[in-house]
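This report concerns only the one structure given below.
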Amino acid sequence: MKYWWKILGVLILLYTIFVGMLTPLKTGITDASPVSLHTGRSEVVTVQGYNSFFTKEKENLRAWLKMSNQKALAAKHIEVVDDRVVKLTFDIPAYLPVDQKVKDFTLLIDSPVDGASVLPGGIVVTQDSVNVALGDLVWTNAEISQLHEKQAFTFPFRNILGETIRNTYYHVPLWMAMFIILTAGMVMSIRYLWKSNADDDRKAMALTNVGLLLGILGLITGAIWAKFTWGKFWSWDVKQNMTAIALLIYGAYFVLRASFEDPEKRARVSAVFNIFAFASLVPLLYIIPKLTDSLHPGAGGNIAFGSQDLDNTMKLVFRPAIIGWTLLGIWIGEIVLRTARLRDRLMEV
Amino acid sequence: MNLFAQIFYLLRKEITLEWRQKYAISGILLYVLSTVFIVYISFQNIGPQVWNVLFWVIMLFASVNAVMKSFVQESGYRQLYYFQLLHPVAILLSKMIYNSLLLLLLGGLTFLALSFVAGNPVQEAGNFALALFLGSTGFSITFTFVSAIAAKADNSSTLMAILSFPVVIPILLLLVNLSAHSIGLLSGTDIGDKISLLAAVDLILVAMGLVLFPFLWRD
């Protein structure tokens with residue numbers, strides 16, 4: 001089989017699309033109201049679940065307001081309205097064991113069916129006056145233990161991301177495929193300078209072409225994702241700006257190519273520019289964003305993909321997706337290459 | 001003749017030529033002065049942040065204009081003569097060093113002119129001077145090499161801007177950041193990181209230039 005890699009690429013992408021789109025998300029909490037509670041009262045919080053099944057095993061449902069890793073407050077009464085809505089009653093003590101007037105709590109619900117779901121920092125409690133010692137005295141601590149894991153193949157639920165977490169299989173792998181393909185293009189440029197074989201220049205051109213295409217797609221998918229999570233298509237994020245510049249550099253590569261008549265000269269000069277541009281692209285995309293604050297993960301103190309955001313189920317789709325997009329890119333590149341070869345042969349005739 | 005002697009002679013030749021036909025250097029100096037004045041009469045009040053950005057933008061455009069001529073405006077026959085006589089690395093390095101000196105002069109002049117009309121917000125003169133030095137080196141390396149590329153094409157002055165601006169943006173961003181530190185707009189301890197990063201980018205680009213230039217000049 002000569003074309004096995006094309007079939008492999010398509011199969012991997014089909015797998016990515018089906019598994020990536022059809023796998024449900026873990027149970028999460030989308031909303032809680034009221035958000036602001038007061039000390040010394042018995043407060044009822046209505047919680048909206050996502051992909052939750054509260055009515056199953058509702059007698060084993062547990063809920064906490066978590067203050068710190070040691071201190072948590074258990075819900076006194078849990079009333080299940082339906083699968084998505086549950087009402088929690090908390091007896092908030094008159095004083096909290098913290099020296100802050102307003103303290104944020106993480107809401108945590110555990111169910112044997114859905115596993116544990118959290119709303120980080122979602123509830124704030126205001127106290128009338130601060131008294132840490134008295135707060136320690138009246139605090140009835142409920143230990144959070146024996147949390148359940150959802151026993152199904154699911155993707156993690158993240159509060160701002162929601163269902164858009166699936167874009168991880170498009171935006172991020174498109175980027176990585178772009179970088180792999182542009183690197184291959186640069187290697188072809190080096191080979192051209194080394195051996196002066198006209199086909200190497202065509203390969204470099206074809207790969208750079210595809211790299212630019214993948215870059216534009218990565219930018220568009222990123223912008224759409226940003227619209228849903230950060231609120232705007234373009235948020236003056238350092239990585240977004242750097243990307244726009246990188247695309248300008250490769251746009252310039254094609255303008256440069258177009259400005260030569262002589263194919264040998266065009267090949268040589270554009271190979272030189274391709275290598276030079278690639279050398280300036282690496283600090284652009286990988287070093288400068290790490291030094292500046294960014295909304296992207298992995299910069300400015302944000303957690304990076306791979307540590308917490310990307311769990312094992314997501315890796316099962318994410319890693320093949322990189323290979324799939326790269327193979328598809330190489331396929332497109334091959335078609336561009338063959339067209340270029342035919343065009344050059346036509347010119348000779 | 002060894003490499004250093006070649007570089008030295010070429011450098012002396014550049015400076016002598018520049019000195020004999022003063023219109024080129026005086027033209028670029030006038031360019032800076034008039035730009036600064038245009039900027040000043042359009043803005044009137046220039047705060048430290050705007051001052052910082054304006055300084056580097058004026059530097060950027062003046063540098064492109066100053067460096068463009070290094071390969072683009074030299075006649076093909078004279079280049080052929082050099083290339084037969086000398087090592088290509090010596091040619092590129094001498095141009096880069098000469099342009100760095102020119103841009104350092106240009107930067108100093110821009111600084112004086114801008115400070116004269118809009119006040120001098122610089123608090124840490126040492127850091128600012130370092131930024132200016134690294135900046136003129138980085139601009140000179142990038143623009144000299146890109147002008148060598150652009151000179152090979154027909155429509156070279158447009159190409160010069162298209163090719164060099166995206167490549168120079170990382171350097172420009174680091175420079176604006178670094179000089180914002182010296183003006184007191186930014187504070188933080190990572191200034192050493194940025195200086196070493198800028199120096200590293202300069203070094204990478206000069207190394208790439210030296211490796212690639214021999215492929216570029218032979219026709």
Side-chain angles (χ1 to χ4, degrees), chain A residues 186 189-196 200-201 212 215 236 238-239 241-262 264-293 300-301, chain B residues 92 138 141-142 144-146 148-178 186 188 190-219:
Chain A
M186 190 219 36
S189 284
I190 294 175
R191 240 175 70 156
Y192 175 80
L193 290 183
W194 192 7
K195 293 188 173 154
S196 293
D200 285 337
D201 171 59
L212 197 62
W236 201 248
V238 63
K239 275 196 178 174
N241 289 340
M242 294 290 146
T243 306
I245 298 161
L247 294 184
L248 281 181
I249 290 182
Y250 281 98
Y253 171 80
F254 288 103
V255 174
L256 181 68
R257 287 188 75 88
S259 65
F260 286 102
E261 292 285 327
D262 176 30
E264 200 273 331
K265 201 172 171 185
R266 170 177 62 211
R268 193 154 43 78
V269 175
S270 55
V272 167
F273 181 72
N274 194 12
I275 301 167
F276 192 72
F278 190 85
S280 75
L281 192 70
V282 175
L284 204 63
L285 291 183
Y286 285 90
I287 302 171
I288 292 182
K290 287 209 168 64
L291 289 181
T292 349
D293 276 339
Chain B
L92 186 70
I141 291 165
T142 320
T144 309
F145 191 73
V146 171
I149 292 177
K152 298 282 167 194
D154 304 327
N155 195 356
S156 40
S157 56
T158 330
L159 260 185
M160 180 76 195
I162 296 174
L163 297 181
S164 60
F165 280 0
V167 176
V168 91
I169 286 173
I171 298 177
L172 189 70
L173 273 175
L174 283 168
L175 282 172
V176 170
N177 218 303
L178 205 59
L186 284 178
D190 57 345
I191 188 161
D193 279 2
K194 278 170 189 153
I195 291 172
S196 46
L197 183 63
L198 196 55
V201 172
D202 282 5
L203 269 179
I204 291 172
L205 290 182
V206 87
M208 293 311 288
L210 291 181
V211 172
L212 292 173
F213 189 68
F215 293 101
L216 204 59
W217 67 265
R218 51 154 200 209
D219 260 325

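Lettering of chains follows the sequences in order, A, B, ..., and the numbering in each one begins at 1.
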Check: What option among Ile149(B), Leu163(B), Leu173(B), Leu205(B) has the most heavy-atom pairs under 4.5 Å with chain A?
Finding: Leu163(B)
Next item on the list: Output the option from Ile171(B), Ile162(B), Val167(B) having the highest count of non-hydrogen pairs under 4.5 Å with chain A.
Entry: Val167(B)
Notebook entry, point to check: Who passes side chain to side chain contact (heavy atoms under 4.5 Å, CB included) against Met208(B), sequence neighbours left out?
Noted result: Ile275(A), Phe276(A), Ala279(A), Ile204(B), Leu212(B)
Next item on the list: Provide the closest heavy-atom pair for Ile245(A) versus Pro166(B) in the form atom of the first, atom of the second, distance.
Entry: CG2-O, 3.4 Å
Notebook entry, point to check: What residue pairs, at least two apart or across chains, pass side chain to side chain donor-acceptor pair (under 3.5 Å) with a residue in residues 244-254 of chain A?
Noted result: Tyr253(A)-Arg257(A)
Notebook entry, point to check: Can you check whether Glu261(A)'s main-chain N or O pairs, donor with acceptor, with Arg266(A)'s side chain at less than 3.5 Å?
Noted result: no
Notebook entry, point to check: Considering only heavy atoms, which portion of Val168(B) lies under 4.5 Å from any heavy atom of chain A: side chain, backbone, both, or neither?
Noted result: neither
Checklist line | Side chain, backbone, both or neither of Phe165(B) within contact of chain A (heavy atoms, under 4.5 Å) | finding: neither
